[in-house]
There are 2 protein chains.
Amino acid sequence: MRRIITVAGSLALLVGYVHSALINPIDYNAAPPNLSTVFNNSIFYTWRPKAHVLPPFGAIGDPCMHYTDPATGLFHVGYLYSGDGGNSGAAGATTDDMVTYHDVSTDPMFIRAGGINDPVAVFDGSVIPAGINGTPTLLYTSVSYLPIQWTIDYTKGSETQSLAIARDGGANFTKLTEGPVIPGPPFPVTNVTGFRDPYVFQDPKFDAALDSTNGSWYVIISGGLHGSGPSMFLFRQYSPVFRDWEYLGQWWHEPANSTWGDGTWAGRWGFNFEVGNVFSLDDEGYNTDGDIFTTNGAEWSEIPIIPQVSQFREMLWSSGNLTKAENGSVTYEPSMAGKLDWGVYAYAAAGKILPASSAASNKSGAPDRFISYIWLTGTNFGTSDFPVDQQGWSSSLLTARELSRGTIENVVDNELVNETASWRVIGRDTSSDTVTLSTLKQVIAREARTAFISNATRTFTEPDRTLSTNTNSTSTNTAFSQSPISKFFMMTASLTFPSSARTDGSLKAGFKILSSAHESTLLYYQFSNESLIIDRSNSSAVAAITPGILTNNEAGRLRLFDIRDSNGTGNGTAVETLELTVVVDHSIVELYANERFVLSTWVWSWFETSTELAFFHEGETEVVVGNVTVWEGLVDAWPGRS
Amino acid sequence: MRRIITVAGSLALLVGYVHSALINPIDYNAAPPNLSTVFNNSIFYTWRPKAHVLPPFGAIGDPCMHYTDPATGLFHVGYLYSGDGGNSGAAGATTDDMVTYHDVSTDPMFIRAGGINDPVAVFDGSVIPAGINGTPTLLYTSVSYLPIQWTIDYTKGSETQSLAIARDGGANFTKLTEGPVIPGPPFPVTNVTGFRDPYVFQDPKFDAALDSTNGSWYVIISGGLHGSGPSMFLFRQYSPVFRDWEYLGQWWHEPANSTWGDGTWAGRWGFNFEVGNVFSLDDEGYNTDGDIFTTNGAEWSEIPIIPQVSQFREMLWSSGNLTKAENGSVTYEPSMAGKLDWGVYAYAAAGKILPASSAASNKSGAPDRFISYIWLTGTNFGTSDFPVDQQGWSSSLLTARELSRGTIENVVDNELVNETASWRVIGRDTSSDTVTLSTLKQVIAREARTAFISNATRTFTEPDRTLSTNTNSTSTNTAFSQSPISKFFMMTASLTFPSSARTDGSLKAGFKILSSAHESTLLYYQFSNESLIIDRSNSSAVAAITPGILTNNEAGRLRLFDIRDSNGTGNGTAVETLELTVVVDHSIVELYANERFVLSTWVWSWFETSTELAFFHEGETEVVVGNVTVWEGLVDAWPGRS
């Protein structure tokens, strides 16, 4: 099963129901009804985000097919889409500032399934910005047969890779009148677990390792081999018009269901790779002279595997090195790997270079960047009973992120450092007994973060405070002196822990958000398992009676290192400060930490009053909270939508 | 352009028009009208053959997809078909005696274009009789894009090879719900001239040369490479269910537009191969221990090549040897080659083993045979203006032939023997100064020939006679003492030439057929160019006013060797006797000679009275004609059709 849900509504119906909703407004000050029984589209606005990328209505699937149009400098963000009348394909929007977006057309779908190569579906693809005749050229997975899943035998020819060319400024992509340019994995690769999501790129390191013409285009296709494990298949451009691609083997393969290290920091490689990206980053952003990074999805299940059920999906990143292979190809071995997002509903990241010459970067002065969008499924990958028809839309992309190479300096060289983990040691200073760590840095796209601040309708701060819990209490909840009046805001905070926190098994420190007497959500760090947790067990008054309003906790692992004091003495050490940024965009909650951790999920609070913020603490160890600022309002990412 | 013409009529319309024709019968005793102006289907019976394989109405294309069903022993003869309502696909009939045929269903089409793999067309294929689950399994060319021709750049993916499985006793073939099992020529073969007409076979010689598992299935796919020449691509079965095939390279390749020898005996290899077959023959018929033979079509044009115009097609055969290639594959080199049929409208032969265990062979006692059907286009491959709609059907297959290894004994070892030709020397007796030649033997399927004789409604002979032409005349035409009263008959004759005939530049000897005061057709041998000729210049009274009634001469080359007298003296030599068999089935004329020559064409005689036979002679040299027998009536090959 693929990540697209058909929404029964049409735009005309939608408008009608919205009017109904206005006439008979839903009462967010009373207990909710069973939302699976209300009219279609009547809860369209109940949880709808405003600052995120999602279609005007209908279901959004994997982000994909992004590019900067060399003719306009506009960045196009694409996504799989099930829209009006059961059509499915891919849709998109443009942005000139990474803050606001404009649908490429009234119907944003720019490619539709149903052609000769893709009678059944269009899956993910990627774009060569100056492709055939200098025009943006899409290489995408054209689907002829379903079902497709790593848990069942592969239907030969079900996924092929085909070309389409941008027309009308990207409002339409015209499929070439020729068969798939990559009709399948070449013999003897026969029973794959998947063969999709082509990602095109250029990279001089690949050129050098493969003795390629400089500037060659490559494509990696994600999948795997039954009985062997997940793989990425590498091809090199052979014809100038991208009609033929030379197969160069599986440049990356992992044993089936294996883990990175003990699995603590990057989960499982699983049985099948999806949505693989490969790119090079330096400290500033995208740079082909930088280090090689990847992002990819990994699919797996517990044994025994149930056919057509993929229990788990991981959204991973890694970084490592290319090695020339004996057969003239290259192989890749990670030296660090982690989760791009720890949210179990966050998946299918699709990144793309955003060049300094793009319209947005021109305005913001940003260098070449690698921007990644991640999908947040609202239906647990189509398996939950979430009232999609009643909502009239489903799922969203998360806030665009800038990826770069992150560096953590002055880290005490102790047992916290030496692990097969989501960082690697790149320098060691024996005089100060410190190491320098490298990792993946992830931050909100700078323009969006700036806009959330500058466009705020209300900004308020909390004074620094020390959190503690009276020995008679199990926990402390101290309300903010001010809370937002809406469910749209960004908040930052710094939490400073004493070294004793490491041994306080009961310590939890963080915040309560989207809170009222009826429902609330906890965000906190817990030293006992080095985890940031979003506790949704009381998040939604809706959950009690409406199916599909999931309330499972979300958690991710973040290690706070010991940092050598920078006071010059070189002796003192302190636990690394936990720097949090929380974005709440109605039902979407994104929790960023220390520029190297993200955990995103849905919080389906119901009550209009569930906007309160509070501090949260449990345990014996005091925690200092500072730099608490709330910017309320976010931005309207879709000024052109009526 | 492919070899299928859509016929506008439907069965209902057809029946209606036939009634019209009966009410207002066409007068075959008067000069014909312009037939392109008459009602559709009104000349349905004017030229319709009775003993040949062709569909009940509509256009027949390439023969293909033959097999003997192991469950029934019935031999299935298939052909491309454009039938009712513009449907196209392949249709077929069964035979248990190689004489009479039964459509596989009322609508004989057993596979239709329009599926996921073949949205545009179904092209030729071949059948593994005991394929998937022991069921007849078709591997065919599934077409997604047109146009396809060797004169234009190849549209990638336009021709793929897909599977379908027999149901309902072969009345339907169900396509597998999977993509093409051979999606195209593997990289780096990219710009092919064609890639179609898969021919499946087993052969222990291939197994040995390729170190294959005994009994491996192979498939050859016909085509070529732009700029390089025609090729056949070889694949070997990889999976037991025929899902995957291992590419073993171009087992046969010829330089573009080259010839066999000087081109006298086998025309041109051309630019593109089509409908390639490979099989092994001994003196009796099909035997995998025999010599390797091939049949194939070759396409070419005169320079400059006009895009989308293939001027010429050759229907060739060859025989030669396999050589292990350095890359572990095999290559093939012919040591003799010829024309399977010299008629310019005879093309696209498709052969198949007919096992001794088949129903027909069981009855006739025949050993394993290789049976080939050849297409006879009635529209010059769709380029003529023949009144197809008015006729309601188009084209036919020729009478089924048995192919075997032919031997010519006691051939005088002179300059007539030593040539790159359609024979090869396999023995040399220096004592008698003779050689033994090997060639391809072709005869009418034994059951059909026997039936033409045993079912004859009238049989008559002519006394032996010597043909000569008075020095005052240019030619002699002596009417037979009896002639057929219909246009359905088989005739045999032996022509004996003195050695002086070889130097008589004016000598022509043969017959006048389908003759009346208004029209007649000459068949004769002409020593000056060692050719058998069918002179159609006066064949049809229709030709003068109806377009598309072609009147070009047809000619083929046959060498009559010098044969050492078999009287035991070992000294005398004589010109090999010309042994002719002529089959006239209304408009189809097939001229067989010496079991190694066939020339087939259309003769569209009009007048009811054009049934006369006569001897024909020109030149100074007397020719003795003997063994003249005419069997009139042939057979009704379609007893089940109303």
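Below, all heavy atoms of this structure are taken into account, side chains as well, without hydrogens, waters or symmetry copies. Residue numbering restarts at 1 for every chain, and letters A, B, ... go by the order of the sequence lines. For clarity, every value in this text was computed on a predicted model and none was experimentally measured.
For residues 227-243 of chain B, the interface with chain A (any heavy-atom pair closer than 4.5 Å) comprises B/Tyr238, B/Arg243, sorted by residue number. Contacts with chain A (heavy atom to heavy atom, under 4.5 Å) involve these residues of residues 127-145 of chain B, listed by number: B/Ser144, B/Tyr145. Inspection of non-hydrogen atoms places no residue of residues 211-219 of chain B under 4.5 Å from chain A.
Side chain to side chain, B/Gln250 and B/Trp252 fail the donor-acceptor criterion of an N or O pair below 3.5 Å.
A salt bridge between B/Asp124 and B/Arg196 is absent, with no side-chain N of the basic residue lying under 4.0 Å from a carboxylate O of the acidic one.
Put simply, the side chain of A/Asp153 reaches to within 4.5 Å of the side chain of A/Asn191, judged on heavy atoms. Taking the side chain as every heavy atom from C-beta outward, A/Tyr199 and A/Val275 never approach each other to under 4.5 Å. The shortest distance between side-chain heavy atoms of B/Arg167 and B/Phe110 does not fall below 4.5 Å. Here the side chains of B/Val189 and B/Leu225 are in contact, with some heavy-atom distance below 4.5 Å.
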Side-chain donor-acceptor distances from residues 173-185 of chain A under 3.5 Å, at least two apart:
residue: A/Lys175; atom: NZ; partner: A/Arg112; partner atom: O; Å: 2.5
residue: A/Lys175; atom: NZ; partner: A/Asp118; partner atom: OD1; Å: 3.0
residue: A/Lys175; atom: NZ; partner: A/Asp118; partner atom: OD2; Å: 2.9

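Looking only at distances, no side-chain donor or acceptor of A/Thr193 sits under 3.5 Å from a matching main-chain atom of A/Trp150. For the pair A/Ser126 (side chain) and A/Val200 (backbone), a donor-acceptor distance under 3.5 Å is present. With hydrogens and angles disregarded, a donor-acceptor distance shorter than 3.5 Å links the side chain of A/Ser301 to the backbone of A/Val309. Under the 3.5 Å distance criterion, the side-chain polar atoms of A/His226 are left unmatched by any main-chain donor or acceptor of A/Thr190. Of the possible polar contacts, one joining the B/Ser158 side chain to the B/Thr155 backbone as a donor-acceptor pair under 3.5 Å is found. At distances below 3.5 Å, at least one donor-acceptor pair connects side-chain atoms of A/Ser329 with backbone N or O atoms of A/Leu248.
With a 4.5 angstrom heavy-atom cutoff, B/Pro186 does not touch chain A via any of its atoms.
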